[in-house]
Protein chains: 2
Amino acid sequence: MFRASGGAIDQNGVIMESLPLVTASPAPVERADAARNRLRILQAAAELFAERGVEHVSMDDVASRAGVGKGTLYRRFGDKAGLALALLDEQDRVLQEQMIRGDAPLGPGAPPRERLYAFGEAYLDFVARHGQLLSMAADLGGLNGSPPWQLYRTHLVVLLSEAAPDADAEMGAEFFLDVLNPCAYVRRIDQGFSHDRLVRGWRQLVDGWLDAALRGAPAAASTS
Amino acid sequence: MFRASGGAIDQNGVIMESLPLVTASPAPVERADAARNRLRILQAAAELFAERGVEHVSMDDVASRAGVGKGTLYRRFGDKAGLALALLDEQDRVLQEQMIRGDAPLGPGAPPRERLYAFGEAYLDFVARHGQLLSMAADLGGLNGSPPWQLYRTHLVVLLSEAAPDADAEMGAEFFLDVLNPCAYVRRIDQGFSHDRLVRGWRQLVDGWLDAALRGAPAAASTS
DNA sequence: CACCATAGCGGACCCTAGTCCGGTTGCAAT
DNA sequence: ATTGCAACCGGACTAGGGTCCGCTATGGTG
């Protein structure tokens, strides 16, 4: 289920190895006991979350099932959100890979508008599959600003800039990520919105924003 | 600073009196001691929040400053978010009043698009003034679904339906409220976005969504 | 192989949100 | 005024997230 990530490892075990990594720091090799414990923790957490649902698992539970002290847990993962994000790391990488090097329209090659559609759909699927974990991380304030989140944000900024060079792409990305927020997704599903309806909403949002940007932005941007 | 609300009182002291109120329940008059304590609590909370900032005030602090047990606090306000919302109650009513009966373009009389612009600006101003309280309430999960929030949501649904009868107004309202979320506002301000920039973003979002809805919706709606 | 510096460990501890329940107080009807 | 009852009060208690710091195991070094 979980494999030790092969490359360089940062605090939370996220990303890193995909970058050139020419850092000056002398490759902080992970000690053997640390690695063992990390695996045990991830395993324990995955089991417990699967058994009782994310809501009903405390950090103490995870620590004791992993046979590890609480301090260890927090040393390796920072906080509960960090643990959740670490559990999603693999899946996150898959999505990132598809975005960056995968096939069009999610990957490069398609026009920006198509890639935006595809990104939203892929992300909403991702949220649909991992809603519990993601919305817990978001609730705890650990999602926004996390490395994967920053990558998604950058991706959106790039696509929006391509599609509408004169628009405020950063703000567009912010708004779009608000709308894709896992908590909001879960809330809406509970409220009776269908996944498809949310996807349609996303496409319409993208369409609207892009058209408004293409039409209105040149004038607005020149005045700012 | 705080006045006792004159009319009927619901659990959190929110809204109510603006409705016709033909309820069958025999007007649950508030007991004198209860009213006294409620005022003392609100006063104490307002003082403490002003002194140290919302983040650094615990419910125990509020209770002890108010000279009241913790149980009383929770009985009257439900939870910390409820307390925050109660503190904003007056301000909330003002905004609601302006939306419903105030001058155009925020109030009735202006075309829906203008009212949407105005609503966003008014709400963002509101958030700018009460960001701490609001984002705490939002963090705690007590904002979405609260009576004021529902009213704002309904307002948006109505305006969106008027402006684009065939579009998915409910979803639009959901998305728009995500974007106006106080936590997001505060985060962006901290990140260097100016208030004006956010307002411009809002207008562009509204423009885009409405145009996309007017253009694309009739076809899309007939197929759904 | 013996030693040492240090990353890593673990569980006692703190803080705060939220619950519970026995005692108290206000209100209305007699 | 008295009494019954319900709402109300308050503070002890629980639970869970997160911190701290003395101890230990690890892996490099002489």
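Not measured: the values here are computed from a predicted model. A note on names: the letters A, B, ... follow the listed sequences, proteins ahead of strands, and every chain is numbered from 1.
Between I41(A) atom CD1 and dC9(C) atom P there is a gap of 8 Å when expressed in whole angstrom units. R76(A) places its CZ atom 6 Å from the P atom of dC9(C), with the value rounded to the nearest Å. When the C1' atom of dG16(D) is taken as reference, atom CE of M136(A) falls 13 Å away, rounded to whole Å. Distance, R40(B) CZ to dC8(D) P: 16 Å, rounded to whole Å. Remark: P of dA17(C) and CG of D139(B) are 13 Å apart, rounded to the nearest angstrom. H56(A) places its NE2 atom 12 Å from the P atom of dG17(D), with the value rounded to the nearest Å. In this structure, F77(B) places its CZ atom 12 Å from P of dC8(D), rounding to the nearest Å.
Salt-bridge annotation for E97(B) and R93(B): absent, with no side-chain N of the basic residue lying under 4.0 Å from a carboxylate O of the acidic one. Classification of E47(A) and R52(A) as a salt-bridged pair fails, no side-chain N sitting under 4.0 Å from a carboxylate O. By the 4.0 Å N-to-carboxylate-O rule, D168(B) lies too far from R200(A) to be salt-bridged with it. In summary, E51(B) and R65(B) engage in a salt bridge, as defined by a charged side-chain N under 4.0 Å from a carboxylate O.
Side chains of R153(B) and L177(B) form a contact here, defined as non-hydrogen atoms less than 4.5 Å apart.
Of the inter-residue distances, the one linking L42(B) atom CG with L87(B) atom CG reads 5.5 Å to the nearest 0.5 angstrom.
Every residue meeting the ring pair (Phe, Tyr, Trp, His ring centres under 6.0 Å) condition with Y152(B), not counting sequence neighbours, appears here in chain and number order: F119(B), Y123(B).
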Protein proximity profile, nucleotides 18-26 of chain D - base contact B, sugar-phosphate-only contact S, no contact -, cut-off 4.0 Å on heavy atoms | BBB----BS

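At its two ends the helix from dC1(C)-dG30(D) to dT30(C)-dA1(D) runs along axes set 10° apart, each axis drawn from five pairs and the angle rounded to 10°.
Side-chain N/O atoms of H56(A) and D61(A) include no donor and acceptor closer than 3.5 Å.
Note: W209(A) and F175(A) fail the aromatic proximity criterion, with ring centroids not under 6.0 Å apart.
The nucleotide whose nearest atom lies closest to any side-chain atom of S58(B) is, among dT16(C), dC9(D), dC9(C), dT16(C).
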